[in-house]
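To start, the structure under review is shown below, and the notes come after it.
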Amino acid sequence: MRSGEELDGFEGEASSTSMISGASSPYQPTTEPVSQRRGLAGLRCDPDYLRGAFGCLKVAQVILALIAFICIETIMECSPCEGLYFFEFVSCSAFVVTGVLLILFSLNLHMRIPQINWNLTDLVNTGLSTFFFFIASIVLAALNHKTGAEIAAVIFGFLATAVYAVNTFLAVQKWRVSIRQQSTNDYIRARTESRDVDGRPEIQRLDT
């Protein structure tokens, strides 16, 4: 049997060991709320993006596409209807895709998917939207029956085309800058690696 002093010493060591293991344990109940708070903190709105040129253009595109879609939906009769259906598809698609991109950019959700080239994605979206909105507006203007809803849809279609065209121009400039920065970084990295190799003669001996 153990004496009282030995039992007290054993309990003290056990308690100290449990405190150390508990402090270093990754399964403490206080770690989960901290991770949750960090996850929610990433969903904050970015006011700088919304106040910038791309943010304002995105908001204007969403509004104009939505108004154009609403105008075309109020038309009850059409003959022929191909131009109306095409304009309806273009305005609805532009509203949905641009709205999704606006949410991703304004909440910085695109930063969580670095595998996608978001500058190129935005450029493709704005370029295609500019082209199809322009074609759809011309077709609807040529086939409309001079009703108020059709005239309004054509007007907002051309306005959306202009806004998308400006965004396309800015997106091209931004994409070119990103390509130049990437090439510059690759050049600097290559120069740094070559200097490291030149400064280490043992690597040169191994190469020879």
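Side-chain contact between Phe89 and Phe132 is absent, with no heavy atoms from C-beta onward closer than 4.5 Å. Considering only heavy atoms from C-beta on, Ser137 stays 4.5 Å or farther from Phe156 through its side chain. Counting heavy atoms from C-beta outward, Ile72 and Ile75 have side chains that approach closer than 4.5 Å. Using a 4.5 Å heavy-atom cutoff, the side chains of Ile113 and Trp118 are in contact. Asp46 has its side chain out of reach of Leu50: every pair of non-hydrogen atoms, C-beta onward, lies at least 4.5 Å apart.
Thr98 contributes no side-chain N or O that, together with a main-chain N or O of Phe95, makes up a donor-acceptor pair within less than 3.5 Å. In this structure a side-chain-to-backbone donor-acceptor pair under 3.5 Å is missing from Trp175 to Leu123. Ser91 places a side-chain N or O within 3.5 Å of a backbone atom of Glu88 that can act as its donor or acceptor partner. Between the side chain of Asn108 and the main chain of Met111, no donor-acceptor pair closer than 3.5 Å is present. Remark: the backbone N or O of Thr126 is paired with a side-chain donor or acceptor of Thr168 at under 3.5 angstrom.
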Please walk me through it: do Phe105 and Phe54 pass side-chain contact (heavy atoms from CB on, under 4.5 Å)?
CA-CA 10 Å; Phe105 293 151; Phe54 287 97; over 6 Å; no
What verdict does the side chain to side chain donor-acceptor pair (under 3.5 Å) test give for Thr130 and Thr161, after you've listed the backbone C-alpha separation in whole Å, the side-chain angles of each residue and the deciding distance to 0.1 Å?
CA-CA 5 Å; Thr130 302; Thr161 302; over 6 Å; no
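Under a 4.0 Å N-O distance rule, the pair Asp122/Lys58 qualifies as a salt bridge.
Atom CZ of Phe86 sits in a crowded spot, with more than 12 heavy atoms from other residues, nucleotides or ligands closer than 6.0 Å.
Nearest heavy-atom pair across Ala149 and Thr74 is CB-OG1, 3.4 Å. In terms of heavy atoms, Ala60 sits closest to Val163 at CB-CG1, 4.2 Å. In terms of heavy-atom proximity, Ala153 sits nearest to Phe87 at O-CZ, 3.2 Å. Ala136 and Val90 make their closest contact through CB-CG2, 4.1 Å (heavy atoms, listed as atom of the first residue, atom of the second, distance).
Here the straight-line distance linking atom SG of Cys92 with atom CD1 of Ile70 works out to 11.0 Å at 0.5 Å rounding. Between the CG atom in Asn119 and the CD atom in Gln173 there is a gap of 12.5 Å [rounded to 0.5 Å]. Of the inter-residue distances, the one linking Leu140 atom CG with Glu82 atom CD reads 12.0 Å to the nearest 0.5 angstrom. Atom SG of residue Cys71 and atom CG of residue Leu66 lie 9.5 Å apart, to the nearest 0.5 angstrom. Atoms CG and OG, on Asn167 and Ser129 in that order, are 9.0 Å from each other to the nearest 0.5 Å.
Side-chain heavy atoms closer than 4.5 Å link hydrophobic residues (I, L, V, M, F, W, Y) into clusters, and following such links, possibly through other members, connects Tyr164 to Val154. In the hydrophobic clustering of ILVMFWY residues, with side-chain heavy atoms under 4.5 Å counting as a link, Phe158 and Val139 come out together. Note: the hydrophobic cluster containing Val124 also contains Ile179 (ILVMFWY, side chain heavy atoms under 4.5 Å, direct or indirect links). When the side chains of ILVMFWY residues are joined at heavy-atom separations under 4.5 Å, either directly or via intervening members, Tyr85 and Ile138 end up in a single hydrophobic cluster. With hydrophobic clusters built from ILVMFWY side chains whose heavy atoms lie under 4.5 angstrom apart, Phe133 does not share a cluster with Ile155.
Partner of Val97 under the side-chain contact (heavy atoms from CB on, under 4.5 Å) criterion, chosen from Leu128, Leu102, Asn125, Thr121: Asn125.
The cationic atom of Lys174 (NZ for Lys, CZ for Arg) does not lie both less than 6.0 Å from the six-membered ring centre of Phe169 and within 45° of the ring axis.
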